[in-house]
Amino acid sequence: MNHLYTLTTELIADIDEAFHIYKTETKTRETEADFFTEVKPFADRIHFRVKDWEPLARDWVIANKPKYLYPIQIKTAAENIGYLGVYVFQKKMKDKRITEMVKSVLYVLNQMKNQMTENENQ
């Protein structure tokens, strides 16, 4: 597979990890996460990955015109991925907001991954 597929798969893993952090660590923790040792390294890793992913994904969607996937969804997903990198460490975030954001991002990422696999098999 190509670089875009790899980045998409890695972002899916990052979002799963972020949601896991939110559910198991952030919600049970007494204090806020340390910004420089926990939040920043995680957020930076996601930020740099999504920075590479977004233009490739947008170009791929424009060129391949997959079902149920549009360039604006790529832009929104990229923004939300960036937010999630920080939001999952904040105790004051609402469960519903985090959950809906995660679902939305995973929908776009999984749609892309599935469409790329389908195109590869044709």
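Only heavy atoms go into these numbers, but all of them, side chains included; no hydrogens, no water, no symmetry mates.
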A43 and G85 have their tightest heavy-atom pair at CB-O, 3.8 Å

The reported gap from NZ in K113 to CG in L11 (rounded to nearest 0.5 angstrom) is 11.5 Å

Residues at least two apart in sequence or cross-chain that pass side chain to side chain donor-acceptor pair (under 3.5 Å) with E32, listed by chain then number, are none

What verdict does the side chain to side chain contact (heavy atoms under 4.5 Å, CB included) test give for Y22 and D95, after you've listed the backbone C-alpha separation in whole Å, the side-chain angles of each residue and the deciding distance to 0.1 Å? CA-CA 9 Å; Y22 179 73; D95 280 349; 2.7 Å; yes

Sorted by chain and number, sequence neighbours left out, salt bridge (charged side-chain N to carboxylate O under 4.0 Å, His left out) with K23 holds for none

D44 meets the salt bridge (charged side-chain N to carboxylate O under 4.0 Å, His left out) criterion, sequence neighbours left out, with K40

L56 meets the side chain to side chain contact (heavy atoms under 4.5 Å, CB included) criterion, sequence neighbours left out, with H3, L4, L7

(request) Report yes or no: do V88 and F48 belong to one cluster of Ile/Leu/Val/Met/Phe/Trp/Tyr joined by side chain heavy-atom distances under 4.5 Å? (result) no

The side chain to side chain donor-acceptor pair (under 3.5 Å) partners of Q73 (sequence neighbours excluded) come to none

CD1 (I15) and CG (N80) are apart, to the nearest 0.5 Å, by 9.0 Å

- Query: Between the main-chain N or O of T26 and the side-chain N or O of K91, is there a donor-acceptor pair closer than 3.5 Å?
  - Reply: yes

Query - Side-chain touch L109/T9, heavy atoms, less than 4.5 angstrom - result: no

Atom NZ of residue position K27 - does it have more than 12 heavy atoms of other residues, nucleotides or ligands inside 6.0 Å?
yes

Residues passing the ring pair (Phe, Tyr, Trp, His ring centres under 6.0 Å) test with F42, sequence neighbours excluded, are F89

query = Looking at side-chain heavy atoms only, is the closest gap between V39 and D34 below 4.5 Å?
reply = no

Besides I72, the hydrophobic cluster formed by Ile, Leu, Val, Met, Phe, Trp and Tyr side chains linked at under 4.5 Å, directly or via other members, contains Y70

By side chain to side chain contact (heavy atoms under 4.5 Å, CB included), N119 pairs with (sequence neighbours left out) W60, N64, Q122

- Under the side chain to side chain contact (heavy atoms under 4.5 Å, CB included) criterion, do Q115 and Q111 qualify, and how do the steps go? CA-CA 6 Å; Q115 292 284 336; Q111 277 291 111; 4.2 Å; yes

To the nearest 0.5 Å, atom CD1 of I21 lies from atom CG of D14 at 9.5 Å

Quick note, side chain to side chain donor-acceptor pair (under 3.5 Å) partners involving residues 97-109, not counting sequence neighbours, are none

**Asked** With a 4.5 Å limit on heavy-atom distance, are the side chains of F19 and L84 in contact?
**Response** no

Residues at least two apart in sequence or cross-chain that pass salt bridge (charged side-chain N to carboxylate O under 4.0 Å, His left out) with E79, listed by chain then number, are K75

Only one of I46, V102, T76, V108 passes side chain to side chain contact (heavy atoms under 4.5 Å, CB included) with I81, and that residue is I46

Residue set satisfying side chain to side chain contact (heavy atoms under 4.5 Å, CB included) with Q90, at least two apart, ordered chain then number -> V86, Y87, K92, M93

Original post:
So R45 and E17, side chain to side chain contact (heavy atoms under 4.5 Å, CB included) or not? Walk me through it.
Top reply: CA-CA 12 Å; R45 184 180 82 208; E17 180 184 354; 2.7 Å; yes

Exercise. Begin from the C-alpha positions of W53 and R58 and carry the test side chain to side chain contact (heavy atoms under 4.5 Å, CB included) through to its verdict.
Key: CA-CA 8 Å; W53 175 82; R58 186 183 57 247; over 6 Å; no

Contacts of E25 meeting salt bridge (charged side-chain N to carboxylate O under 4.0 Å, His left out) (sequence neighbours excluded), chain-then-number -> R29

